[in-house]
Amino acid sequence: MKNMGDFPTFLVVALLIFSCLSYVRSDASDHRYKDGDAVPLYANKVGPFHNPSETYRYFDLPFCSPDHVTEKREALGEVLNGDRLVSAPYKLNFKEEKDSSVVCKKKLSKDEVAFFRKAVDKDYYFQMYYDDLPIWGFIGKVDKEGKTDPSEYKYFLFKHIQFDVLYNKDRVIEVNARMDPHSLVDLTEDKEVDAEFMYSAKWKETETPFEKRMDKYSMSSSLPHHLEIHWFSIINSCVTVLLLTGFLATILLRVLKNDFIKYGQDEEAADDQEETGWKYIHGDVFRFPKYKSLFAAALGSGTQLFTLTVFIFMLALVGVFYPYNRGALFTALVVIYALTSGIAGYTATSFYCQLEGNNWVRNLLLTGCLFCGPLFLTFCFLNTVAIVYSATAALPFGTIVVIVLIWTLVTSPLLVLGGIAGKNSKAEFQAPCRTTKYPREIPPLPWYRSAIPQMAMAGFLPFSAIYIELYYIFASVWGHRIYTIYSILFIVFIILLIVTAFITVALTYFQLAAEDHEWWWRSFLCGGSTGIFIYAYCLYYYYARSDMSGFMQTSFFFGYMACICYGFFLMLGTVGFRASLLFVRHIYRSIKCE
């Protein structure tokens, strides 16, 4: 690690190799078949339609199961995504039509009827994959027509699935599943019921090339009326941001210009005046903050999360995360987070040493635990909840061991190497003014200049620039919408960074002008306050825009969103502080400091 140039080079090469592997893995399988060949059909999971995290194995419901249920080997990301693929009871050989073929005849017991009825009442859906193409459908329906009393509702289970498959020469292009509305099993009463499960398959030729078979899913979020809303969101954000930032910039530049003129006047005239303004705290403005180890650790973690976000956007923009590329995003998050831990170690330790910290090893441990610690505790609680519910969100022991090994063998060593490199960098903190021995007393300030009101002002503007796009992201992550317009999301992300940096700089200036020199932590908190606004939006989304319910779904939603918003807090806090540091250095270089 003597040559620090090797470290980022290794990181970039590793990430490029990973992105190529991800892309090749996604499209490498041949998918060519001859007439009558068996095409893989896997049953994945079932669950309440409005609770995306609450999913169960397909055969947890008493469907017809094959004699030998074969489990498909899954990648790390697929397991993290809650996918549990097993061989389905239906046989759909290539170009082989079926007409009401019987899967099995089954007598449903009272308990099984009650189980199915409860599932139908909760709008349970099923998901399958045929030749890696997703199939969705509901398992039954509730007849509420003309009935006001829920006790009069009738519950029905669909027992006949119609598969419509499109093919082009020797390849499967598209598959749809329709449930026969006339072939039903009545589940209304608690009694034994005879059920005959059937399926049909119809094949039809299409001209759509194999390379474009996923366009059907990716184009669903690019429909004209959706795009109009997204572009309206961006234009609205840009106009709002330009007006507000332009207004603040004009005021700030004009005030700064006047300040420079005033402070640049004859020193004798200045001596006669009462000392006020940001120039006169030059001896305190670069005084190191309290809790410097925690501050440096927060900057290191924020820098790592910022790098992670940028690389995820790079992979998204080159097309790695196409719809139903199962688990690709989770795999990318785990691998890139592990590979970028060296950045956190280097940034935190080098800055900690610049702040004249002595215990860099403790600082490194704090950096490693600052984001991973709360995430690990949240995961432990939620995984326990999933185990109690017997849901597929519960990670198998083997997967947990793999994640622990990645953390032990990749994340931790890179964190330590980055920390050693940061300690050996021996960079000094660049302060244009000398710091006095004793801190200057901060004058009493009105309540709206305290930390919490300032954070509220700082978080509102960046949040107002992204809140329209947030709905679509939430509907994708916590629902069944497909989000593929990553270019628009990237533009929104850039807007978010610019606004966060600008509003933090503006508030830092007003803080210094009021002769409050404790701006280090304030700039970080103001920059990261957008994360708190996003979490507040979570409350609104859960209660007003979604139909999620139940303890498991509620705990998963608020638990993991708390971790995501905490990550945003660290990342945007880092952006806010870095922007403020550049600004403060610039204005104090521009005047003569005694």
Side-chain angles (χ1 to χ4, degrees), residues 43-63 80-84 111-127 134 136-145 147-158 179 187-188 190 330 377-395 467 470-483 532-566:
N44 187 12
K45 53 193 177 184
V46 293
F49 183 76
H50 299 295
N51 289 357
S53 301
E54 188 185 342
T55 54
Y56 305 95
R57 292 174 181 271
Y58 183 79
F59 291 115
D60 283 351
L61 288 176
F63 288 116
L80 293 175
N81 196 38
D83 292 330
R84 302 292 185 271
D111 290 340
E112 288 174 333
V113 167
F115 198 11
F116 267 129
R117 184 171 63 246
K118 184 180 177 183
V120 170
D121 186 44
K122 289 186 175 182
D123 286 332
Y124 266 51
Y125 69 94
F126 67 83
Q127 186 188 45
W136 297 75
F138 286 98
I139 67 165
K141 69 173 185 177
V142 183
D143 181 13
K144 302 179 182 179
E145 192 174 345
K147 303 173 182 70
T148 54
D149 186 357
S151 62
E152 297 176 356
Y153 293 167
K154 289 188 174 295
Y155 299 88
F156 298 100
L157 176 71
F158 294 125
M179 316 308 289
L187 305 171
T188 308
D190 279 328
F330 286 102
L377 292 174
T378 305
F379 162 76
C380 288
F381 171 71
L382 295 179
N383 202 56
T384 304
V385 172
I387 290 170
V388 171
Y389 273 73
S390 301
T392 59
L395 295 190
Y467 82 97
L470 271 182
Y471 168 74
Y472 291 96
I473 298 166
F474 273 58
S476 174
V477 175
W478 300 104
H480 302 285
R481 281 178 179 261
I482 299 170
Y483 192 98
I532 300 171
F533 274 81
I534 295 174
Y535 199 67
Y537 180 82
C538 292
L539 290 165
Y540 164 75
Y541 182 84
Y542 182 86
Y543 290 108
R545 303 301 296 269
S546 80
D547 293 312
M548 290 185 273
S549 61
F551 178 74
M552 179 183 167
Q553 182 60 47
T554 304
S555 57
F556 264 70
F557 178 76
F558 287 108
Y560 281 127
M561 282 311 302
C563 293
I564 292 169
C565 293
Y566 175 53

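Computed over heavy atoms, backbone and side chain alike; hydrogens, waters and symmetry mates excluded.
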Item to complete: Could you tell me which non-hydrogen atom of S53 sits nearest to which non-hydrogen atom of A393, and how far apart they are?
Response: O-CB, 4.0 Å
Item to complete: List the steps and the verdict of side chain to side chain contact (heavy atoms under 4.5 Å, CB included) for Y389 and Q553.
Response: CA-CA 11 Å; Y389 273 73; Q553 182 60 47; over 6 Å; no
Practice prompt. Quick one: closest heavy-atom pair of K147 and D143, and the distance?
Written response: NZ-OD2, 3.7 Å
Discussion item. Is there a side chain to side chain contact (heavy atoms under 4.5 Å, CB included) between Y535 and Y566? Walk through the geometry before answering.
Written reply: CA-CA 9 Å; Y535 199 67; Y566 175 53; over 6 Å; no
Worksheet, complete the sentence: Taking every heavy atom of A386 against every heavy atom of A394, the minimum-distance pair comes out as CB-N, 3.5 Å
Discussion item. If the condition is side-chain hydrogen bond (donor to acceptor under 3.5 Å, both in side chains), which residues does Y542 pass it with, not counting sequence neighbours?
Written reply: T554
Response to the item:
T188 meets the side-chain hydrogen bond (donor to acceptor under 3.5 Å, both in side chains) criterion, sequence neighbours left out, with D186
Item to complete: Might you point out which heavy atoms bring P48 and Y125 nearest each other, and give the distance in Å?
Response: O-CE2, 3.7 Å
Worksheet item: Can you check whether S151's main-chain N or O pairs, donor with acceptor, with D149's side chain at less than 3.5 Å?
Response: yes
Discussion item. Please determine whether side chain to side chain contact (heavy atoms under 4.5 Å, CB included) holds for the pair F63 and F116, giving the CA-CA distance in whole Å, both sets of side-chain angles, and the decisive distance to 0.1 Å.
Written reply: CA-CA 10 Å; F63 288 116; F116 267 129; 3.9 Å; yes
Practice prompt. Start with the C-alpha gap between V120 and F156, add the side-chain angles, then the distance that decides, and say whether side chain to side chain contact (heavy atoms under 4.5 Å, CB included) holds.
Written response: CA-CA 8 Å; V120 170; F156 298 100; over 6 Å; no
Worksheet item: For R84, what residues pass the salt bridge (charged side-chain N to carboxylate O under 4.0 Å, His left out) criterion, not counting sequence neighbours?
Response: none
Discussion item. Over 60° means perpendicular and under 30° means parallel, so tell me whether H480 and F49 are parallel, tilted or perpendicular.
Written reply: parallel
Discussion item. So that I know where these two stand, are F138 and F158 an aromatic pair - ring centroids less than 6.0 Å apart?
Written reply: no
Discussion item. Quick one: does any side-chain atom of D547 pair with a main-chain N or O of S549 as donor and acceptor, under 3.5 Å?
Written reply: no
Worksheet item: With a 4.5 Å limit on heavy-atom distance, are the side chains of D190 and R117 in contact?
Response: yes
Worksheet item: Between CG of D123 and CD1 of I139, what distance do you get to the nearest 0.5 Å?
Response: 9.5 Å
Worksheet item: At their closest point, which heavy atom of C563 faces which heavy atom of T378, and how far apart are they?
Response: SG-OG1, 3.4 Å
Practice prompt. Using the six-membered ring of F474, assess whether NZ or CZ of R545 lies under 6.0 Å from its centre and within 45 degrees of the ring axis.
Written response: no
Item to complete: Hey, could you give me the CG/CH2 distance between N44 and W136, rounded to the nearest 0.5 Å?
Response: 8.5 Å
Item to complete: Identify the residue among Y483, Y560, Y472, F557 that makes a ring pair (Phe, Tyr, Trp, His ring centres under 6.0 Å) with W478.
Response: F557
Discussion item. Working to the nearest 0.5 angstrom, can you tell me the gap between Y541 OH and M561 CE?
Written reply: 10.5 Å
Discussion item. Using a 3.5 Å distance criterion without hydrogens, assess whether the side chain of N383 forms a donor-acceptor pair with backbone atoms of L395.
Written reply: yes
Worksheet item: If you count the non-hydrogen atoms of other residues, nucleotides and ligands that lie under 6.0 Å from NZ in K118, is the total more than 12?
Response: no
Worksheet, complete the sentence: Separation between CG (N51) and OH (Y124), nearest 0.5 Å, reads 8.5 Å
Worksheet item: Parallel, tilted or perpendicular: which describes the rings of Y153 and Y155, with under 30° parallel and over 60° perpendicular?
Response: perpendicular
Practice prompt. State whether the side chain of Y58 and the backbone N or O of Q127 hold a donor-acceptor pair below 3.5 Å, judged by distance alone.
Written response: no
Practice prompt. Give me the one residue out of D83, T392, T55 that meets side chain to side chain donor-acceptor pair (under 3.5 Å) with K45.
Written response: D83
